[in-house]
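Step one of this worksheet: look at the structure below.
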Amino acid sequence: MTDTRHTLVALVEDKPGVLNRVASLFRRRSFNIQSLAVGGSEHSGLSRMTIVAVGDSAQIEQVRKQLEKLINVVKVSDITEEGMVTRELALIKVKTTASTRSEIMQIVGVFRANIVDVAPGSLTVEVTGDEDKVNSLLRLLRDFGIKEISRTGRIALTRGSSS
Amino acid sequence: MKKTGAQILCESLINEGVEVIFGILGGSVLPIYDTFPQYTKLRHILVRHEQGAAHAADGYARATHKAGVCIATSGPGATNLVTGIACAYMDSAPMVAITGQVARSVIGRDAFQEMDITGITIPITKHNYLVTDVTELAKTVKEAFHIAQTGRPGPVLIDIPRDVQQEQTDFIYPDKVDLPGYRVISRGHPSQIKKAAKLINEAEQPVIIAGRGIIISQAYDEFREFAEKAQLPVAHTLLGLGSFPGDHILDLGMMGMHGTPCANLAVQNADLLIAVGMRFDDRATANTEEFAPNARVIHIDIDPAEIGKNIPAEVPVVGDTKSVLTALNEEVKKGEHVDWLSQIEQWRCEYPSLEIRETDEVLPQYIINQIYEATRGDALIVTGVGQNQMWAARYFVYTKPDSLISAGGLGPMGFELPAAMGAKIGRPEKVVWCIAGDGGFQMTIQELATITQEDIAVKIAIMNNGYLGMVRQWQELFYGRRYVGTKLWNPDFVKIGEAYGIPGIKVKRREEVIPAIQKAMEYPGAFLVDFLIEPEENIYPIVPPGECLARFFQPSKPEVLEGRF
């Protein structure tokens with residue numbers, strides 16, 4: 001079986017230590033997390049976690065079942081095979097000079113990204129999209145010199161009315 | 001009327017039917033201990049080391065099928081529990097461990113005896129709690145017992161800061177738990193059960209692998225009916241011994257690294273394996289790549305995460321073994337398997353499992369077998385870890401339910417004495433034999449004081465070979481007989497026993513074995529027998545690491561080890 005990227009979505013109780021329990025489980029069972037994002041959900045008291053993990057389908061199924069055993073984890077789904085919407089947000093601080101600023105702004109415009117801070121010598125771009133889009137923009141901006149990047153990691157929902 | 005956190009804890013424990021608590025006090029649990037005299041229904045057993053408290057609670061739990069309770073203070077008290085909690089976790093024993101914590105105002109400041117025990121025990125508990133509000137305490141205890149004792153049982157830890165123990169609130173014990181993330185699937189899916197039955201009905205060379213799940217759900221009758229109706233031979237994991245009569249014609253004994261050849265060959269040649277309440281531990285399967293190459297696999301377990309973890313299952317059935325077996329018994333047809341069972345009989349004759357060589361030396365196999373004879377199998381055998389454990393597994397015939405308590409998963413030496421204590425307190429009517437090695441015995445030897453102080457009538461048999469025997473055996477077989485760090489200088493265990501107020505005798509010759517066992521059994525209290533066994537006696541057969549189950553080594557089959565050095 002081949003390793004692929006899987007997107008797991010978990011509804012977890014909003015209690016102290018839950019993130020630690022989830023992270024500890026991944027480490028303990030030698031499962032590899034590529035990104036993990038967590039925030040509120042539509043249910044009060046429950047958070048939604050989006051975890052991108054790499055492995056073959058048997059390994060990922062084992063991860064899913066181990067996660068479900070955690071008392072504070074209410075439900076876990078591997079939505080990789082389902083229709084899903086995924087987004088990531090990145091903040092990118094790019095070096096600028098008087099001569100490059102307009103070119104950068106043009107690129108930002110093409111990507112429908114926003115400039116959220118301008119300073120002498122740099123500007124900060126906010127971009128939202130799937131990882132490919134974020135990576136493409138990063139590639140283009142790299143030539144100008146990137147000072148800092150902060151990425152949220154993937155968040156995901158299944159499309160339409162499911163669950 | 002308002003009650004303190006300490007009182008709420010005690011009342012909650014009583015509500016849960018707790019009768020015994022194993023523990024040691026310290027600063028952070030003083031308010032709880034100060035409250036104990038108000039609750040005479042709770043018997044506190046003062047152990048001599050917190051590891052002993054946890055193992056004793058574990059032994060108690062396995063003997064009674066109720067959660068064992070242990071208590072320790074913050075910091076070192078809590079960290080000393082860790083080995084015992086991990087052991088209960090690996091073997092799915094229900095336990096509630098209570099620890100004191102420093103006051104809330106100093107948590108996170110590295111206060112004296114502060115330790116993040118909930119952080120430390122995340123990977124070795126089914127769940128754990130830090131109670132930061134006294135109004136949450138009763139609910140927490142209720143949840144802890146529910147989680148520990150249902151589904152696949154396991155340990156739950158409750159960490160209670162000292163000031164929470166002193167804070168007051170109204171005591172209302174909830175009658176229900178609300179755990180949206182905790183579901184137990186107890187009934188197997190009917191269509192999976194039908195599929196399983198079909199495979200069983202069609203199999204020609206089926207073998208059951210019986211695990212501790214049968215014992216946990218006390219499904220002895222249903223399991224026996226199942227095996228007998230479909231005529232399915234039964235191999236056991238270590239912890240599955242006692243789930244099926246060991247003297248039954250269908251019983252093959254233990255499989256695995258030190259399993260009987262008959263069990264190993266049957267499993268390896270099976271066309272269908274029916275794994276019941278077991279988790280395909282590596283000591284049971286040996287090399288998984290070559291494990292039972294022609295077998296289809298039905299895996300029955302209450303924990304969905306066990307399905308496919310180590311060995312892929314063609315037909316998984318998630319559910320409580322008792323419920324699943326009851327349903328299966330409706331579906332399976334009467335079986336015969338004449339050819340297969342006669343092939344198994346042939347292996348059984350070729351490799352007799354209870355054969356003990358004639359010699360004047362004191363052989364551990366003989367001792368264990370004589371304890372079986374003397375008790376007629378009606379005893380609780382509590383073992384240590386290592387050779388003593390394997391001899392106890394192989395040479396006692398487990399004819400009765402619940403007759404073996406052994407630390408299978410974690411394998412902590414020193415389990416035997418405190419676990420035997422806990423088992424005897426839980427089942428005072430039973431004869432309890434603690435089978436110890438001379439190495440492991442010294443890891444929790446201080447519990448001899450507990451045994452005397454609390455008058456716990458366990459019979460202690462030390463398999464004294466002057467070595468860390470199992471490791472020495474590995475050095476002999478796989479490390480060119482280079483004995484590094486395995487030779488033990490030992491104290492005189494009989495004198496040690498005497499110093500602790502426990503009578504005992506030393507056995508140096510074979511003919512002294514039976515009288516010594518008799519004497520121990522006749523003595524009304526705890527009794528110690530120091531058996532000076534043949535120092536380099538090995539446990540055979542052994543499947544060398546990396547080999548498959550059929551490639552077991554014993555002196556009559558030297559070819560298995562050829563070329564290993």
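Keep in mind that the numbers below use all heavy atoms, side chains included, and drop hydrogens, waters and symmetry copies. First the proteins, then the strands, lettered A, B, ... as listed; each starts at 1.
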Can you establish whether the number of heavy atoms outside B:Arg279 located under 6.0 Å from its atom CZ is more than 12? yes

Could you have a look at A:Ile71, A:Val12, A:Asn72 and say which one has the most heavy-atom pairs with chain B under 4.5 angstrom? A:Ile71

Please look at A:Glu61 and chain B and tell me whether the side chain, the backbone, both or neither of the residue comes under 4.5 angstrom of a heavy atom of that chain. neither

Is it the case that atom CZ in A:Arg5 sees more than 12 heavy atoms from other parts of the structure closer than 6.0 Å? yes

I'd like to know if the side chain of A:Lys65 reaches the main chain of B:Ile307, judged simply by a donor and an acceptor atom lying under 3.5 Å from each other, with no hydrogens or angles considered. yes

Taking all heavy atoms of B:Ala305 and all of A:Lys69, pick out the closest pair and write down the distance. CB-CD, 3.7 Å

Tabulate, in ascending numerical order, the residues of residues 113-130 of chain B having at least one heavy atom closer than 4.5 Å to a heavy atom of chain A, or enter 'none'. B:Ile122, B:Pro123, B:Lys126, B:His127, B:Asn128

Identify each donor-acceptor pair in which a side-chain atom of residues 26-33 of chain A lies under 3.5 Å from a protein atom, sequence neighbours left out, and give them as a table.
none

Just wondering, are more than 12 heavy atoms of other shown residues or ligands nearer than 6.0 Å to NZ in A:Lys133? yes

Listed partners of B:Arg104 passing side chain to side chain donor-acceptor pair (under 3.5 Å), at least two apart: B:Asp163, B:Glu167

Given a strict heavy-atom distance threshold of 4.5 Å, which part of A:Leu46 is in contact with chain B: side chain, backbone, both, or neither? neither

Output the distance between atom CD (B:Glu306) and atom CD (A:Gln66), rounded to the nearest 0.5 Å. 7.0 Å

Looking only at B:Pro180, B:Gly151, B:Pro312, the option with the highest number of non-hydrogen pairs under 4.5 Å against chain A is B:Pro180

Only counting residues at least two apart or in another chain, list the ones meeting side chain to side chain donor-acceptor pair (under 3.5 Å) with A:Glu126. none

